[in-house]
Amino acid sequence: MLLTIIGVIVAIAVSVPVTFIMTTNYRKQQFEKKIGNAEEKARAIIDEALVTAETKKREALLEVKEESIRTRNDLEKEIRDRRNEVQRNERRIQQKEEAIDRKTETLERKEQSLNSREDSLRKQKEQVEKLGEQRVQELERISGLTSEQAKEYLLKIVEEDVRHDSAVMIKEIEAEAKEEAEKRAKEYVVGAIQRCAADHVAESTISVVQLPSDEMKGRIIGREGRNIRTLETMTGVDLIIDDTPEAVVISGFDPIRREVARIALEKLIVDGRIHPARIEEMVEKAQKEVDARIKEEGEAATLEVGVHGIHPELVKLLGRMRFRTSYGQNALKHSIEVAQLSGLLAGELGLDVRMAKRAGLLHDIGKSVDHEMEGSHVQLGAELCRKYKESPIVINSVESHHGDVEPATLIACIVQAANTISAARPGARRETLETYTTRLNQLEEITNSFKGVSNSYAIQAGREVRVMVVPEQISDTDMVLLARDISKKIEDEMEYPGQIKVSVIRESRATDYAK
């Protein structure tokens, strides 16, 4: 049993290596066989790849050749087309050059022809000039006058004819225009004046305070004159206490100061206590009353005229004009009157009535400060209107109402006319004798300065001037032009209210004696 087992074990021990070796050999044979097959397949694949690559290479070479052939054909075609285009352009350029050459030849021929014509014309012109000179010489010989003398003679005749015709035409046109303009203007002005009734007259530069008795004069003067000195110092006016019964005269060119002094003096007379301290107190109260009244007067003026939206400072300045006079005419009343007249005239002409009233009310606003500031009331008024943002129409009306600036609107012309109407109406203003005589002398000097005037006379308080002319120097037609020139010079050099009538008189007399 044991031997069997040992035999089995030996057999197993022997069979196992043998089996392993045989298996290994078999596997090696199989592996070598597979390797051989793989190598054959690889060689076959390589051979096939080489064949395929050679085929592809030949195909690619063929395609490249075909593409190069096509590209070469395209290039050759394009070259042929461009060569043809260049040839065509060359032919066109050659044709143009030939045409230019032909034109050049034509121009040269024309230039030669023009030069020959110019030479011919120059010769003809020289012949004409010679003939003209011969004709002028012959005419001068026949007439006995030189060309310059004949020219002056002809110009003189033509000038006389033109002056005569123009004078006749001017006379006719002016007659028609004046007839129509005077008719329309009279209607407008008369209608405006009738609808604007004004009752104020000239004012003076003094104020009179009535006293209860003459004893009050001594109390006003005070001990050693201290009361009257205090009052004059505080108010800036002069108190005139003379033999006038029961009256004290307050004199001063500033109406506001006169009003303050008048109110203060009346309060002192009523109070009865007159001494320097009381005078200062009453003057201060009177100043406040006057300031309040100034504001009230300005507001009342705007309400009376119907103008709204004026700056409060301009309203105060309007109130100050209540105490300002011009040639004795109250400045505020004059402004109100001008505003009303401007509104009426604007209504007749179909213009802006409110703007016309506003411009008329503010046209003399500069007079409220011309005592305190340098410059004319026209300049000051325009500056005030600009300062308080008034419209350009109002500013131009203020600047032009005395002719300092040309009026830019019809409203400015209306304000000019209304200002003249208000100032020129009877009783509105008073003039000093010196101003009156100066104006008359200036009027006669202006008219006498013209050539051909023998004498001139200012009549009707300077409203008309009669001009006597020398009949041998001034003809009937020249009278029209002379009257126009005199009127223009009077307008440019003189300032006057209303209008001045210029009458030119030409009188011819023939005298003989019967013996």
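Remember, predicted model here, so these are calculated numbers, not experimental data.
- Here Glu296 does not pair with Arg322 in a salt bridge; the nearest charged N to carboxylate O distance is not below 4.0 Å.
- Classification of Lys288 and Asp291 as a salt-bridged pair fails, no side-chain N sitting under 4.0 Å from a carboxylate O.
- Put simply, the side chain of Ile474 does not reach to within 4.5 Å of the side chain of Lys451, judged on heavy atoms.
- Relative orientation of the His402 and His377 rings is perpendicular, given thresholds of 30° and 60° on the angle between their planes.
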Worksheet item: Is there a side chain to side chain contact (heavy atoms under 4.5 Å, CB included) between Ile411 and Val394 once you walk through the steps?
Response: CA-CA 9 Å; Ile411 289 179; Val394 175; over 6 Å; no
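- The closest donor-acceptor contact from the side chain of Asn396 to the backbone of Pro392 lies at 3.5 Å or more, if one exists at all.
- When side chains are defined from C-beta on, Ile500 counts as touching Leu443, because their heavy atoms get closer than 4.5 Å.
- Separating the CG atom in Asn419 from the CG atom in Leu341 is a distance of 10.0 Å, to the nearest 0.5 Å.
- Across every non-hydrogen atom of Val398 and Leu362, the tightest pair is CG2-O, 3.5 Å.
- For Ala356 against Ser342, the heavy-atom pair with the smallest separation is O-CB, 3.5 Å.
- In this structure, Lys333 does not pair ionically with Glu337, as no charged nitrogen and carboxylate oxygen lie closer than 4.0 Å.
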Discussion item. One pair to check against side chain to side chain contact (heavy atoms under 4.5 Å, CB included): Arg83 and Arg80. What are the steps and the verdict?
Written reply: CA-CA 5 Å; Arg83 186 179 292 111; Arg80 285 196 303 272; 4.2 Å; yes
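- Considering NZ of Lys387 and CG of Leu314, their distance stands at 9.5 Å, rounded to 0.5 Å.
- For the atom pair NE2 (His311) and SG (Cys385), the distance works out to 12.0 Å, reported to the nearest 0.5 Å.
- Contact of the Glu90 side chain with the Gln94 side chain is not registered, since no non-hydrogen atoms from C-beta on lie closer than 4.5 Å.
- With contacts defined as side-chain heavy-atom distances shorter than 4.5 Å, the pair Val338/His401 does not qualify.
- Note that OG of Ser397 and NE2 of His363 are 10.5 Å apart. Values are rounded to the nearest 0.5 Å.
- Checked against Lys295 for a side chain to side chain contact (heavy atoms under 4.5 Å, CB included), the options Arg293, Glu297, Glu299 give a single hit: Glu299.
- Checking side-chain atoms of Arg358 against main-chain N and O of Gly309 turns up a donor-acceptor pair under 3.5 Å.
- If you take CG on Leu410 and CG on Asp352, they are separated by 12.0 Å, rounding to the nearest 0.5 Å.
- Looking at every heavy atom in both residues, Ile393 comes nearest to Met355 through CG2-CG, 3.9 Å.
- Minimum heavy-atom separation, Ser487 to Val502: OG-CG2, 3.5 Å.
- Closest heavy-atom contact between Glu399 and Val378: O-CG1, 3.5 Å.
- Across every non-hydrogen atom of Met321 and Ser368, the tightest pair is CG-CB, 3.7 Å.
- Counting non-hydrogen atoms of other residues, nucleotides and ligands closer than 6.0 Å to CD of Glu48 gives a total of 12 or fewer.
- For Asn115 (side chain) and Glu111 (main-chain N/O), a donor-acceptor pair under 3.5 Å exists by modelled atom type.
- Side-chain contact annotation: Thr106 with Arg109, donor-acceptor N/O pair under 3.5 Å present.
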Practice prompt. Output, in order, the C-alpha distance, side-chain angles, deciding distance and verdict of side chain to side chain contact (heavy atoms under 4.5 Å, CB included) for Leu303 and His308.
Written response: CA-CA 8 Å; Leu303 291 174; His308 306 290; 4.2 Å; yes
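- When side chains are defined from C-beta on, Ser120 counts as touching Gln124, because their heavy atoms get closer than 4.5 Å.
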Item to complete: Go through Glu78 and Arg82 one step at a time and tell me if the salt bridge (Lys or Arg N to Asp or Glu O under 4.0 Å) criterion holds.
Response: CA-CA 6 Å; Glu78 184 176 357; Arg82 290 189 178 182; 2.8 Å; yes
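- Under the 3.5 Å distance criterion, the side-chain polar atoms of Thr55 are matched with a main-chain donor or acceptor of Val51.
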Discussion item. Please evaluate residues Thr71 and Glu67 with respect to the criterion side chain to side chain contact (heavy atoms under 4.5 Å, CB included), reporting the C-alpha separation (whole Å), side-chain torsions for both, the decisive distance (0.1 Å), and the verdict.
Written reply: CA-CA 6 Å; Thr71 303; Glu67 182 66 26; 3.8 Å; yes
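- Of the inter-residue distances, the one linking Leu380 atom CG with Asp364 atom CG reads 11.5 Å to the nearest 0.5 angstrom.
- Under 4.0 Å is where a charged nitrogen must lie from a carboxylate oxygen, and between Arg88 and Glu85 at least one such pair does.
- Checking side-chain atoms of Lys357 against main-chain N and O of Gly343 turns up no donor-acceptor pair under 3.5 Å.
- Ser335 and Lys367 share no side-chain donor-acceptor pair at under 3.5 Å.
- Counting non-hydrogen atoms of neighbouring residues, nucleotides and ligands closer than 6.0 angstrom, the CZ atom of Arg506 exceeds 12 such neighbours.
- Arg320 has its side chain within reach of Leu317: a pair of non-hydrogen atoms, C-beta onward, lies under 4.5 Å apart.
- When atom types are taken as modelled, the side chain of Gln442 and the backbone of Glu493 share a donor-acceptor pair closer than 3.5 angstrom.
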